[in-house]
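Throughout, a chain's letter reflects where its sequence line sits, starting with A, and its residues are numbered from 1. The structure presented is a predicted model; accordingly, all values stated were derived computationally and were not measured.
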There are 2 protein chains.
Amino acid sequence: MSIRIGIMGYGNLGRGVECAVRQNEDMTLAAVFTRRDPSSLQLRTPGVPVYRAENAAAHADEIDVMILCGGSATDLPEQTPAFAELFNIVDSFDTHADIPAHFERVDAAARAGGKLAIISAGWDPGLFSLARCYAGAVLPKGADYTFWGRGVSQGHSDAIRRIEGVEDARQYTVPVPEALERVRSGEMPTLTTREKHTRECYVVAKEGADKARIEREIVSMPKYFADYDTTVHFISREELQRDHAGLPHGGMVLRSGRTGLEDEHRHTVEFRLALDSNPEFTSSVLIACARAAYRLAFEGETGCRTLLDIAPAYLRRESAEELRRTIV
Amino acid sequence: MSIRIGIMGYGNLGRGVECAVRQNEDMTLAAVFTRRDPSSLQLRTPGVPVYRAENAAAHADEIDVMILCGGSATDLPEQTPAFAELFNIVDSFDTHADIPAHFERVDAAARAGGKLAIISAGWDPGLFSLARCYAGAVLPKGADYTFWGRGVSQGHSDAIRRIEGVEDARQYTVPVPEALERVRSGEMPTLTTREKHTRECYVVAKEGADKARIEREIVSMPKYFADYDTTVHFISREELQRDHAGLPHGGMVLRSGRTGLEDEHRHTVEFRLALDSNPEFTSSVLIACARAAYRLAFEGETGCRTLLDIAPAYLRRESAEELRRTIV
């Protein structure tokens, strides 16, 4: 009676899901689906079949929940609505501004297929959305603050790599300690983009490349860097490998609010993550959501959900009785 | 179409609920119920009737959700099952070991009356239960740690006041910084009671009382102090009034866990509260739960719930669409 998990896409996130399944005794990895040649994939779990993504429909009976491990830019806007009609699915769609439209498309597909879909699972959106939801419910008079880092932003690292003369790069997003202290103090400051985060770039330049020009292009890049205090460090390929191989990340959601007859009391709610591996932690959230999707589908529910629509106990293996006895 | 709130019991918590209702535009304070003489109560909200607790049943039609603001030791074990048959209710029952039995009694009463009950709302149990639930769902291989303070424990302050020769007292529970650092580092230490918290006592002795005996009785008191490093400071009544009049509290739930093929990556999830007023913050949680109780009852749900059984969006005024647009 194990929950049979399918992985769609075997990149960092897919490999993270593969690891996460092994930590959850009520689940089994049933199959991996890929757009590459299946024989080219070397799974880390023995005995699991690898199928072509385009043949997924033929394996619908073998999968209880399909985890969509593609990217939010181009993969998920196509894949999630397509697969939500065939499978119960979980995705990590993280383009905040497009979540409402993505939700509507996935909801229609899942209802049409009689399936249950959970979108935007992960940590932001995901656990951070939950923190914002609960803190704002409890402190209606207050202000929200989200800080990211210290951690590697893959989008910003990619943006640097696209600059001519750059061989490789790693970008860290770093919260400004003074801004954090002001928020924690309860003063509810108004903070600009520049006041909240700095950006640290570690860049490997190609031989003979104009480093001054690369640095100028980075710090003036609109949206990505121009609104931030950005520092650029040129390092060797070896240093990048040695010191910046991991994908750590994390961050904080804070809400500072007031209560009392005349708003005389201050309160701060803080939710904080410190993660050695961004993709593995995200995968762990996806797997907990897969359990919820399985249960909701089992109860006959259909359509799209986010974590805000799901009672927390659905994410846990234990019964409601056991949870009341142990963690309430 | 305002949610009509009733307050049962007008102590610190009841007054906190009175303040919290004013911050939530979708609610109105409909009535306060008391076991005291109603004419002796001076509400801070004009025009709200005060009724005798024993006549509450006669006012069932005037109240959408009754907030039970009594204590967990003697009031709530009686009141919650009794009132859950007549009203949708919310309570803050916080005797962790007795939550399963309390749940069963309240569930039976609420089902019999066709009402919806939410118990053990507040911050621990309550928001801390949620933090333990989510963090454990996401990091099944890991360890939980709950720290309380720095803050005033009313139970421990009362225990000191019961000692002969004590006029008044305030007890602060204080997390040990070294223990916190070890947990945050991801080493997953095993910590004894003594290693996690210290206890600071501020005591006003009666004139001529034997301070050495009072101190001995405090530090050796079983369960309350004997297992902790406890410090006792004798101060004047004026100093207690001046420096220790508030009821601040707070604390942290941390979960430290591992992921990866060989558990090679560490992650820390931390949920932290810093509260100027323990009763007012608890009241704010109760009021958010009142909204959820109202909505669940409106949908025809009956029986008992804890926060673990409730989808987070039910706590918020905004529609699911608006939440997806703004906070997911």
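Contact annotation for Asp124(A): neither backbone nor side-chain heavy atoms come within less than 4.5 Å of a heavy atom of chain B. Heavy atoms closer than 4.5 Å to chain B are found in the side chain of Arg184(A), but not in its backbone. With a threshold of 4.5 angstrom between heavy atoms, Ala274(A) approaches chain B through its backbone and through its side chain. Of the atoms belonging to Leu273(A), heavy atoms from both backbone and side chain fall under 4.5 Å from chain B. Residue Glu318(A): no heavy atom, backbone or side chain, is found under 4.5 Å from chain B. Heavy atoms of Leu254(A) lying under 4.5 Å from chain B are absent altogether. Of the two parts of Arg132(A), the backbone and the side chain both hold a non-hydrogen atom closer than 4.5 Å to a non-hydrogen atom of chain B. Heavy atoms of Leu286(B) lying under 4.5 Å from chain A are absent altogether. For Phe281(B), the parts lying under 4.5 angstrom from a heavy atom of chain A are both the backbone and the side chain. Interface remark: Thr306(A) contributes side-chain atoms only to the contact with chain B (heavy atom separation under 4.5 Å).
For chain A, the option among Gly136(B), Ala20(B), Ala97(B), Ser120(B) with the highest count of heavy-atom pairs below 4.5 Å is Gly136(B). Heavy-atom pairs under 4.5 Å with chain A were tallied for Asn24(B), Asp309(B), Thr268(B); the largest tally goes to Thr268(B). Contacts with chain A were tallied for Pro312(B), Ala311(B), Ser129(B), Cys19(B); Pro312(B) has the most, counting heavy-atom pairs under 4.5 Å. Here Ile310(A) is the residue among Ile99(A), Ile310(A), Leu315(A) with the most heavy-atom pairs under 4.5 Å with chain B.
Between Glu18(A) and Arg15(A), no side-chain nitrogen of the basic residue sits less than 4.0 Å from a carboxylate oxygen of the acidic one, so the salt-bridge criterion is not met.
Annotation: the span from Thr282(A) atom OG1 to Asn278(A) atom CG amounts to 4.5 Å, rounded to 0.5 Å. One finds the OH atom of Tyr134(B) at 8.0 Å from the CG atom of Leu308(B) (value rounded to the nearest 0.5 Å).
Scanning both residues, Pro81(B) and His102(B), for their nearest heavy atoms gives CD-CE1, 4.4 Å. The nearest pair of heavy atoms linking His96(A) to Val328(B) is ND1-O, 2.9 Å. Nearest heavy atom pair, residue Val106(A) against residue Ala117(A), reads CG1-CB, 3.5 Å. Closest approach of Pro175(B) to Leu180(B), counting heavy atoms only: CB-CD1, 4.5 Å.
Residue-environment remark: CD (Glu299(A)) exceeds the threshold of 12 foreign heavy atoms within 6.0 Å.
Taking the six-membered ring where tryptophan is involved, the planes of Phe128(A) and Phe271(A) are perpendicular, since the angle between them exceeds 60° and thus also 30°.
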